[in-house]
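To start, the structure itself, in structure tokens.
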Protein chains: 2
Amino acid sequence: MRLKAIIQYDGTNFSGYQIQPNGRTVQGKLEAVLAKMHKGEHIRVTASGRTDQGVHAVGQTIHFDTSLTIPVANWLKALNTMLPDDIEVKDIAEASADFHARFDVREKEYRYVILNTNERDLFKRHYCHHVPQPLQLERMQQAAKYLVGTHDFSSFCAANNNVKGDKIRTITGISIEQDAANQIIIKVRGTGFLYNMVRIITGTLLEVGLGDREPENVEEIISSLDRSKAGKTAPPQGLYLWDVDYY
Amino acid sequence: MRLKAIIQYDGTNFSGYQIQPNGRTVQGKLEAVLAKMHKGEHIRVTASGRTDQGVHAVGQTIHFDTSLTIPVANWLKALNTMLPDDIEVKDIAEASADFHARFDVREKEYRYVILNTNERDLFKRHYCHHVPQPLQLERMQQAAKYLVGTHDFSSFCAANNNVKGDKIRTITGISIEQDAANQIIIKVRGTGFLYNMVRIITGTLLEVGLGDREPENVEEIISSLDRSKAGKTAPPQGLYLWDVDYY
């Protein structure tokens, strides 16, 4: 039986999603709990994609296969009881035998949270990126328009990437809004993302918002296909994998 | 020269404020940084009072004496550069030679944050106490009225306390309000507090808010002078030492 689960995690104390020999990882914790439930058998967990060290997830989606015959309704409680308190399974259900958490993704949403206040907030240090200088929202919104659509996003892909094949991706929408707590939330939806793409987009939009670049500059950055033309990679703690939609 | 500083800290990764042989403490970190600045000399830091493991501070106040001749304006930057990122000095200034961070306290404010939503919030788990059942604010507000004033608060003091002298304290005000994020904030101001007093008050008010006790019951709890008559001690992560006023 194949199960599909939606999970949340606080990325602060993880060396990222993907399992690795040394380092506390989300996948590692999930597979350790599943091994316990399956009397030591290794159960491979497949996610919609990785997230880096310090990056959070509100709607990461995973699948795995199980031979256990416990009712689906009991899975949620069993997993949440055994998982550490910085991972939580929000929903779990039976999926079709050919459902694949990575290959069947239709669209993903990432959110990036910027705290745009004079003073930093100690209690939010792991959950947003603090920018003390005032950001001009309208400039950022103008710049974002150039990114929407299907483009070769080579300029917005980490230089040390492992991307096989082309770097053409489709961003279906970007919205940038300020909330009541002086947080600027950048929401980026797309059918696929390159390594560090949202963080480089954010870093570039921040430079536009600070007045260091013109909004139109983004068009040139895209067509240059040159990572060094884009802005700095924004830090991980502001980034959330928010939602994954499937076909 | 005596310096007075207002400090914030995230209590999550501290074994409380007070220095101890094994365990990461706020006082330990402060004194280690000051020892470095004073070429190994031990500089004793005195706070307005201790906070327990997991309890936060937004306006803790400390004093210490120094023989260093660096301008006061440079202290803030020096300390914040050397302190870990879960302690922050918000303000530092010269105080009179007889200022005492503990003995000169006029009033303190504590705040207790309850997240009153159906679902827990993974990202706030260290910063509030999650209560999934609906709380009746008016009942809690009614109950709180009995606590305001000068009383023997023996019923609201941890049984394993080290309190010398009487347990008569004065609460000058309690307010209980709900914010836009479904957080209920209990603000308690008083001239002095017993060990775990705010957490036991909160635990008792929660039982009133859930309908398990009547608001008038608080009057009986106070006059019983019996810890076992009051509610459970609310967990530490919802508590903030918010502000300390001095004469």
Side-chain angles (χ1 to χ4, degrees), chain A residues 5-14 24 26 29-30 51 54-60 76-77 79-81 83-91 111-113 115 117-130 132 178-183 185 235-242, chain B residues 5-14 24 26 29-30 51 54-60 76-77 79-81 83-91 111-113 115 117-130 132 178-183 185 235-242:
Chain A
I6 297 171
I7 63 168
Q8 290 196 343
Y9 46 85
D10 178 338
T12 307
N13 297 318
F14 289 109
R24 186 175 182 267
V26 178
K29 289 292 174 192
L30 290 168
T51 54
V55 173
H56 312 293
V58 166
Q60 172 69 289
L76 192 73
K77 203 174 174 190
L79 288 171
N80 282 330
T81 303
L83 283 167
D85 76 347
D86 49 357
I87 306 180
E88 189 178 357
V89 180
K90 298 300 283 185
D91 192 37
R111 294 193 183 180
Y112 198 97
V113 179
L115 181 65
T117 51
N118 210 11
E119 300 215 334
R120 83 182 191 113
D121 184 335
L122 183 78
F123 301 100
K124 291 184 178 169
R125 71 195 185 286
H126 297 309
Y127 305 107
C128 63
H129 172 40
H130 177 230
Q178 184 150 9
D179 73 8
N182 285 315
Q183 296 183 137
I185 321 284
Q237 74 273 9
L239 186 61
Y240 297 74
L241 172 54
W242 198 262
Chain B
I6 297 171
I7 64 170
Q8 290 196 342
Y9 46 84
D10 178 338
T12 308
N13 297 318
F14 288 109
R24 185 175 183 267
V26 178
K29 289 293 173 192
L30 289 167
T51 53
V55 173
H56 312 292
V58 166
Q60 172 70 290
L76 192 72
K77 202 174 175 190
L79 288 172
N80 283 329
T81 304
L83 284 166
D85 76 347
D86 49 358
I87 305 180
E88 188 177 359
V89 179
K90 298 299 285 184
D91 191 37
R111 295 193 182 179
Y112 197 96
V113 180
L115 181 65
T117 51
N118 210 11
E119 300 216 333
R120 83 182 191 114
D121 184 336
L122 182 79
F123 299 101
K124 290 183 177 170
R125 71 195 185 284
H126 297 308
Y127 305 107
C128 63
H129 171 40
H130 176 229
Q178 184 150 9
D179 73 7
N182 286 315
Q183 295 183 138
I185 321 283
Q237 73 274 9
L239 186 60
Y240 296 75
L241 170 54
W242 197 264

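Everything numeric here is computed off the predicted structure, so don't read it as measured data. Naming convention: chains lettered A, B, ... in sequence-line order (proteins, then strands); numbering from 1 in each chain. Values below: all heavy atoms of this structure, side chains included; hydrogens, waters and symmetry mates excluded.
- With sequence neighbours left out, A/R111 forms a salt bridge (Lys or Arg N to Asp or Glu O under 4.0 Å) with A/E109.
- Per-residue heavy-atom pair counts under 4.5 Å with chain A were compared for B/E88, B/K90, B/E119, and the maximum is reached by B/E88.
- Looking at every heavy atom in both residues, B/R120 comes nearest to A/I87 through NH2-O, 4.4 Å.
- Residue B/L122 comes nearest to A/D10 through the heavy atom pair CD2-N, 3.4 Å, listed as atom of the first residue, atom of the second, then distance.
- For A/H56, the ring-ring contact (aromatic ring centres under 6.0 Å, His included) test picks out A/Y127, A/Y240, B/F123, with sequence neighbours left out.
- No more than 12 heavy atoms of other residues, nucleotides or ligands lie within 6.0 Å of CG in A/N118, so this atom counts as exposed by the packing criterion.
- B/H126 NE2 to A/H126 NE2: the interatomic distance, rounded to the nearest 0.5 Å, is 8.5 Å.
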